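A quick note: this is a predicted structure, and the numbers were derived from the prediction, not measured. Throughout, protein chains are lettered first and strands after them, A, B, ... in sequence-line order, and every chain is numbered starting at 1.
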There are 2 protein chains.
Amino acid sequence: MAELDDLTARARIRDAAMQLFGEHGFEGATIRGIAEAAGVSSGLVRHHFGSKQALREACDAHLVKLIHRLNDQALAGAGGNHVAAARIAVGPYHAYLARALVDGGAASLFDEMVRLGAQWLADIDRTRTDAPDVAPEVRAAVSTAMALSITVLHEHVSRAMGVDVFSPEGDVLLARALIDLYSHPMLSAEDARKALAGLERHR
Amino acid sequence: MAELDDLTARARIRDAAMQLFGEHGFEGATIRGIAEAAGVSSGLVRHHFGSKQALREACDAHLVKLIHRLNDQALAGAGGNHVAAARIAVGPYHAYLARALVDGGAASLFDEMVRLGAQWLADIDRTRTDAPDVAPEVRAAVSTAMALSITVLHEHVSRAMGVDVFSPEGDVLLARALIDLYSHPMLSAEDARKALAGLERHR
DNA sequence: GCTCCGGCTACACACACGTATAGTCAGCTG
DNA sequence: CAGCTGACTATACGTGTGTGTAGCCGGAGC
């Protein structure tokens with residue numbers, strides 16, 4: 001039921017909605033435009049989803065389901081860096097994801113990523129010589145936002161990098177940049193100490 | 001002229017527009033709503049800006065001017081980590097900035113941040129023992145997106161952290177988390193080597 | 001004092017939107 | 001075949017929107 005009806009009109013409408021919502025935003029996209037993109041009448045959109053808001057909620061639900069599936073796959077597969085998992089092809093839905101996040105939606109998605117990230121951070125904390133300054137949950141919140149930033153701001157990142165980050169070449173270049181960034185601290189231990197001291201002084 | 005007329009109706013309209021555009025998106029915000037928030041008639045909005053699109057462009061221009069000023073201050077001030085500079089209070093405009101970035105706007109702002117970041121990265125590259133795997137510009141593109149992610153996703157970050165990142169306490173906690181993250185690599189040199197090798201294998 | 005001009009308002013218009021409704025058609029069940 | 005159900009369409013309605021226009025009002029210049 002989940003795979004077969006991906007060709008039904010209902011699924012086509014949902015896909016078109018996710019694309020157009022992502023492209024023009026929720027208010028910017030129109031039911032008529034979505035219907036046209038899906039190759040159906042605007043009335044059918046209402047018939048299946050009832051209202052524009054309900055259509056949006058259906059899109060959110062579908063996104064969550066999709067991400068969950070990708071997440072499970074990533075966890076089951078090669079040793080899970082949750083950052084890499086976040087970059088997994090969200091397919092043509094990355095624009096919708098970005099909009100949803102900025103609109104304040106997709107909260108459960110973000111929270112689950114934080115949960116996974118906190119777990120992962122707590123793990124590598126055990127190999128650290130110095131005690132972490134803040135709880136893993138807090139650091140996970142920040143690094144989750146950072147991980148998602150590539151998707152949310154992919155247009156700018158692609159422009160600045162000179163290659164689309166969702167193309168094969170861009171993906172490789174991005175991965176190499178991430179590996180380099182994540183394996184080289186931007187602040188030395190001394191810099192960090194100085195920064196922390198400066199922080200104390202400011203209060 | 002720049003400071004005095006910040007009390008003029010024109011400036012009030014612009015500020016109200018930036019707030020409402022940030023809150024509801026460009027399509028979601030209405031000229032009438034903006035006019036009401038600014039305490040003027042909707043006709044005056046048109047009188048001053050001509051059209052909704054032109055009003056948006058005026059907002060963009062104002063944002064760029066504002067960020068440039070903040071940027072210059074940050075560069076002149078305490079030894080410039082461009083990441084910290086990005087977090088500087090964009091005031092009540094962070095929502096607008098987030099929308100503009102996701103809409104594909106604010107490109108010049110992003111690009112300039114990349115330029116500054118690349119410079120900064122090239123500087124610290126000289127203290128590295130191993131040669132960087134990718135150009136500073138590419139790494140700067142990624143880390144700029146990461147730096148902006150706190151602002152763009154501030155709602156989610158605040159929820160996950162349990163404190164508003166734009167409050168004084170949240171700001172301190174965020175700074176400490178950032179210092180910890182930026183001074184401790186998430187990948188060991190060995191992990192990085194393995195990840196790179198895995199990348200080669202995939203091609 | 002009179003005119004002129006720009007900030008400012010009130011009002012009207014055309015249009016596109018979300019929503020509602022009535023109806024068509026294919027397929028199934030008895 | 002009759003009857004029903006649900007996917008689907010065509011069309012209409014009310015509303016809120018961006019935009020246009022005519023006019024008011026206070027102050028500056030002659």
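At whole-Å resolution of the value, CZ in Arg56(A) and C1' in dG18(C) are 15 Å apart. Separating the CD1 atom of Ile34(A) from the C1' atom of dT9(D) is a distance of 18 Å, rounded to the nearest angstrom. Atom CG of Leu44(A) is separated from atom C1' of dT24(C) by 14 Å (rounded to the nearest Å).
Of the options Leu174(B), Leu181(B), Leu173(B), a side chain to side chain contact (heavy atoms under 4.5 Å, CB included) to Val138(A) is made by Leu173(B) and by none of the others.
In this structure, the nucleotide among dC8(C), dT9(C), dT9(D) sitting nearest to the side chain of Val40(B) is dT9(C).
Residue Glu36(B) qualifies as open at atom CD: its count of foreign heavy atoms under 6.0 Å is 12 or below.
At least one side-chain nitrogen or oxygen of His48(A) sits closer than 4.0 Å to the OP1 or OP2 atom of dC8(D). Contact annotation: His47(A) side-chain N/O to dC8(D) OP1/OP2 distance is not under 4.0 Å.
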Between protein and nucleic acid, restricted to nucleotides 12-19 of chain D and to nitrogen or oxygen atoms under 3.5 Å apart, what atom pairs and distances do you find?
unit_1	atom_1	unit_2	atom_2	d
dG18(D)	OP1	Lys52(B)	NZ	2.8
dG18(D)	OP2	Ile31(B)	N	3.1
dG18(D)	N7	Arg32(B)	NH1	3.0
dG18(D)	O6	Arg32(B)	NH2	3.1
dT19(D)	OP2	Lys52(B)	N	3.0

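Checked by atom type and distance alone, the side chain of Ser158(A) pairs as donor or acceptor with a backbone atom of Val165(A) at under 3.5 Å.
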Which atom pairs, donor and acceptor, lie under 3.5 Å between side-chain atoms of residues 103-115 of chain B and protein residues at least two apart or in another chain?
unit_1	atom_1	unit_2	atom_2	d
Asp103(B)	OD1	Arg99(A)	NH1	2.5
Asp103(B)	OD1	Arg99(A)	NH2	3.1
Asp103(B)	OD2	Arg56(B)	NH2	3.0
Asp111(B)	OD1	Arg159(A)	NH1	2.3
Asp111(B)	OD2	Arg159(A)	NH1	2.7
Glu112(B)	OE1	His68(B)	NE2	2.5

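Relative ring orientation between Phe26(B) and Phe21(B) is described as tilted, the plane-to-plane angle lying within the 30° to 60° band.
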Inset, instruction - Applying side chain to side chain contact (heavy atoms under 4.5 Å, CB included), run through Val142(B) and Met146(B) and close with a yes or a no. - result: CA-CA 6 Å; Val142(B) 175; Met146(B) 289 179 166; 3.9 Å; yes
